[in-house]
Trainee: 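Handing you this structure, nothing more for now.
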Amino acid sequence: MSSPTFDPIQVLADRFRSAIARAYPEAGDSDPLITASRQTNLGDFQSNAAMPLAKKLGVKPRDAAAAILKHLDLADLAEPLSEASIAGPGFINIRLRADTLAELVAAFDTPDLGIDKPARPQTIVVDLMGVNLAKQMHVGHIRSPFIGDAIARTLERLGHTVIRQNHVGDWGLNIAMTVMRIMDEVAAGTRSLDSLTLDDLDTAYRLAQASCQRDLAGLQACRTYGLGPKAEAECQAQVDGATEAFTRARQVLVQLQGHEPRALAVWQRIADVTMAECLAVCKRLHINVTAEHSAGESTYAAELAPMVEDLLKRGIAEESDGALVVRLDDPRYGAIKEPCLIRKSDGGFLYATTDVCAVRRRVQKIGAERIIYAIDARQNLHLRQVWGAARRAGYARHPVTGEDAMLEHAAFGAILGDDGRPFKTRTGDPVKLSDLIEQAVTAAAAIVREKSPDLSPAEHATIAETVAVAALKHADLCQERVKDYVFSFGRMISFEGNTGPYMLMAVARIKNIFRKAANEIDPDLPWPSSPLDLREPQEKQLALALLRYPGAVRAVGQSLEPHRLSQYLFELAGAFSSFYDACPVLKSEGGTRLSRLRLCSLTERVLTDGLSVLGIPTLERM
RNA sequence: GCCCCCGUAGCUCAGCUGGAUAGAGCAACGGAUUUCUAAUCCGUUGGUCGGGCGUUCGAAUCGCCCCGGGGGUGCCA
């Protein structure tokens with residue numbers, strides 16, 4: 001739990017709780033309902049306790065507020081209370097004393113910035129990537145790792161044990177088709193495995209898909225409309241060819257399943273090429289996903305048949321039209337009409353089979369008490385089916401706690417273009433991720449060169465890279481994840497408003513103050529521990545904003561919505577900008593300067609820490 | 001058909017377990033710079049919170065019914 005020493009809401013809640021208990025002993029334990037005031041002209045905090053209390057006891061709300069006030073002693077914390085502190089139907093407004101606020105900020109000024117370890121850390125699996133072999137990464141792939149990594153970092157920051165899982169799509173018939181295609185090309189001497197690139201694979205993947213796709217509709221049309229023997233023969237040839245290719249692809253899949261060395265070598269090469277690119281992108285975007293987080297579908301392949309046997313034997317799975325399903329009508333399993341299909345009538349397994357198997361491994365072997373899926377919102381039904389099946393099978397029951405793991409979908413919407421339709425290039429192709437990053441870096445570089453001409457080209461390059469990455473990630477993470485959002489290159493890279501560059505700028509300005517301070521001021525000045533003197537309104541507002549940090553991080557841990565932290569950080573940066581404008585730091589003197597330096601330092605630490613929790617890198621200067 | 005998600009200012013979006021006159025940013029307009037980065041700050045203009053009914057002292061928030069948009073829906077992943 002949170003340490004009560006720095007949190008004004010906790011401190012006030014304690015006082016209100018006892019005041020309420022004295023004013024209305026018959027009321028029992030009543031929530032003081034302390035919140036930060038929305039209008040700062042009325043106060044810093046407010047209690048909404050009087051209204052529900054009055055209702056419960058059948059008295060007038062304002063009378064209840066007056067009674068609470070009568071028993072409330074905040075003289076050491078807040079500015080004097082009076083009748084005027086009661087507003088509207090019974091709100092009680094509180095303004096903290098500057099010295100109290102200073103004490104709270106000093107208590108908050110610890111290495112962990114008010115976020116202490118949980119009494120019992122949880123083991124949490126975050127499913128956050130899911131790239132597919134042989135497919136070029138495009139913008140559609142980016143939300144999962146952005147959001148998933150931010151959630152993972154948040155939970156780590158809160159003291160939990162987080163296991164990232166990159167659920168790589170590296171198995172199944174689609175992959176076998178590509179393996180077949182590459183094997184054919186190698187056999188024909190048109191392809192060298194050594195020089196294989198992801199672009200090559202992307203092309204091969206698409207060609208392979210097409211070659212296995214039987215155009216039955218076309219053939220039917222030829223016959224129906226009598227398009228002539230030639231057209232019909234061509235269509236027939238296509239269908240025959242596709243049928244043959246499809247059959248061969250199935251054979252390749254069998255070879256892969258049997259670890260046939262030649263097919264497996266090609267598969268391994270495809271996996272290596274894809275993963276190298278994927279992990280390089282992660283590294284460049286400061287996404288904490290590395291090789292050790294890979295848990296591809298192929299690693300579950302051998303477990304599927306025994307698992308399905310287990311389900312069948314225990315009567316959890318049943319046959320239906322030749323297929324094997326797990327029914328989920330029971331409310332305990334989600335009350336889902338559509339059953340979870342785990343084996344096709346031809347004996348093949350489906351992605352649901354693998355996903356059920358993944359729940360089992362994550363809970364039974366990894367020990368997950370909570371599994372979070374940072375996955376496209378469209379997968380919601382699929383996930384609920386998988387969870388229902390896993391719970392029904394007992395796979396979700398934690399071996400130690402004996403309780404079902406929490407299974408949560410951190411769903412996200414699509415990235416749209418200006419036209420409100422899914423973000424595509426002018427030609428209609430998906431936007432390649434590497435192209436998007438390059439474009440962002442180029443745009444950032446142009447701005448940095450213009451704004452900071454005094455820096456070296458090497459510095460420009462470094463800064464542009466970081467600004468671009470921050471802009472991209474921030475543009476995604478500042479939005480409510482479940483909604484679609486409109487991607488705007490100009491808005492993202494802008495320094496105005498709630499953007500990555502604006503946030504980096506706030507950090508860089510503070511760093512700049514300390515750079516100057518180191519030159520112009522005795523470096524031994526005791527600002528890190530000097531008393532805070534919060535006399536200006538901007539100083540108070542900044543202090544109040546700082547104290548909200550732990551709550552903002554916890555809110556993300558609970559809601560799995562990183563935009564809440566982003567929103568908070570933007571508000572903190574705004575409070576700092578107002579402070580920066582109104583309160584000179586280096587030009588002030590004595591205690592004021594020391595106090596302001598400490599305030600700056602704290603702000604910088606919170607901003608940097610908060611951005612790092614979101615996975616956004618910061619800069620010393622820009 | 002059934003299920004899920006979304007609808008807040010001209011645009012892009014916040015709005016916490018229901019709380020006061022619904023907030024930011026952009027755009028528009030007006031100010032502030034011999035200044036620690038003006039890449040900023042301060043102010044003005046702008047909204048029947050998709051519509052209705054209900055619960056409540058109090059609803060953008062909770063419930064029900066509509067309207068509009070998107071998505072999913074047994075043998076692809």
Side-chain angles (χ1 to χ4, degrees), chain A residues 31 33 35-39 42 46 48 51-52 54-55 60-61 87-91 93 130 132 169 171-175 297 320-325 335-346 348-352 354-355 376-382 384-385 411 413-414 416 420 447-448 450-452 467 478-480 482-488 490-491 494-499 501-502 504-506 508-517 520 538 551-552 555 558-559 561 563-564 566-567 570-571 574 577-588 596 600 621-622:
Chain A
D31 192 337
L33 294 172
T35 61
S37 287
R38 217 174 257 188
Q39 289 119 311
L42 296 177
Q46 65 185 61
N48 301 333
M51 283 81 75
K55 186 185 166 192
K60 289 182 185 165
F91 302 109
N93 289 315
N132 294 308
W171 207 242
L173 195 54
N174 287 343
I175 306 298
E297 294 175 347
S320 173
D321 295 335
L324 220 50
V325 303
I336 302 166
K337 194 179 61 183
E338 299 90 340
C340 183
L341 206 59
I342 56 164
R343 195 175 73 192
K344 296 190 284 183
S345 48
D346 69 1
F349 300 122
L350 299 103
Y351 78 136
T354 304
D355 284 346
D376 192 306
R378 288 176 296 190
Q379 300 290 329
N380 184 263
L381 175 60
H382 164 70
R384 282 171 28 233
Q385 288 176 308
L416 307 178
I447 299 172
V448 172
E450 181 202 328
K451 299 289 184 188
S452 303
V467 168
C478 72
Q479 317 255 358
E480 202 181 344
V482 77
K483 295 184 187 175
D484 295 348
Y485 78 92
V486 177
F487 183 85
S488 159
R491 187 149 37 85
S494 162
F495 289 77
E496 293 171 354
N498 190 3
T499 68
Y502 175 85
L504 295 195
M505 191 62 212
R509 289 171 121 188
I510 303 175
K511 297 276 192 184
N512 198 45
I513 289 175
F514 283 97
R515 217 166 17 246
K516 296 222 166 181
E520 299 169 12
Q538 291 85 352
Q558 214 161 41
S559 66
E561 293 175 342
H563 82 279
R564 296 194 188 204
S566 168
Q567 186 74 21
F570 178 60
E571 286 164 17
S577 287
S578 298
F579 159 82
Y580 182 88
D581 201 61
C583 306
V585 178
L586 297 178
K587 288 199 166 58
S588 59
R596 288 178 179 173
C600 285
R621 67 169 77 199
M622 55 191 288

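All of these numbers come straight from a predicted model, not from anything done at the bench. Numbers restart at 1 for each chain; the letters A, B, ... are given by sequence-line order, proteins then strands.
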Trainee: Partners of A:E561 by salt bridge (charged side-chain N to carboxylate O under 4.0 Å, His left out), sequence neighbours excluded?
Mentor: A:R564

Trainee: Please enumerate all residues that pass salt bridge (charged side-chain N to carboxylate O under 4.0 Å, His left out) together with A:D484, with sequence neighbours excluded.
Mentor: none

Trainee: Quick one: list whatever passes ring pair (Phe, Tyr, Trp, His ring centres under 6.0 Å) with A:F91, sequence neighbours left out.
Mentor: none

Trainee: With sequence neighbours left out, write down each residue that passes side chain to side chain donor-acceptor pair (under 3.5 Å) with A:D355, or none if nothing qualifies.
Mentor: A:H167, A:H382

Trainee: How would you summarise protein contacts on nucleotides 20-26 of chain B per nucleotide, using B for base, S for sugar-phosphate only and - for none, with heavy-atom distances below 4.0 Å?
Mentor: B---SSS

Trainee: Can you sort out the partners of A:F495 under side-chain contact (heavy atoms from CB on, under 4.5 Å), two or more places apart, ordered by chain and number?
Mentor: A:I447, A:P501, A:M622

Trainee: Taking Watson-Crick (N1-N3 plus N6-O4 or O6-N4) and G-U wobble (N1-O2, O6-N3), each under 3.5 Å, can you produce the dot-bracket string of RNA chain B? Use [ ] for crossing pairs and | for inter-strand ones.
Mentor: (((((((..((((.....[...)))).(((((.......))))).....(((((..]....))))))))))))....

Trainee: Can you sort out the partners of A:E571 under salt bridge (charged side-chain N to carboxylate O under 4.0 Å, His left out), two or more places apart, ordered by chain and number?
Mentor: A:R548

Trainee: Strictly under 4.0 angstrom, non-hydrogen atoms only: write out the protein contact profile of nucleotides 4-10 of chain B, one letter per nucleotide from the 5' end, B, S or -.
Mentor: --SS---

Trainee: Name all residues meeting the salt bridge (charged side-chain N to carboxylate O under 4.0 Å, His left out) criterion together with A:K587; count only those two or more places apart in sequence or in a different chain, and write none if there are none.
Mentor: none

Trainee: Return the set of residues passing side-chain contact (heavy atoms from CB on, under 4.5 Å) with A:I342 (not counting sequence neighbours), or none when no residue passes.
Mentor: A:V308, A:L311, A:A317, A:L324, A:V326, A:C340, A:T353

Trainee: Name all residues meeting the side chain to side chain donor-acceptor pair (under 3.5 Å) criterion together with A:S577; count only those two or more places apart in sequence or in a different chain, and write none if there are none.
Mentor: A:Y502

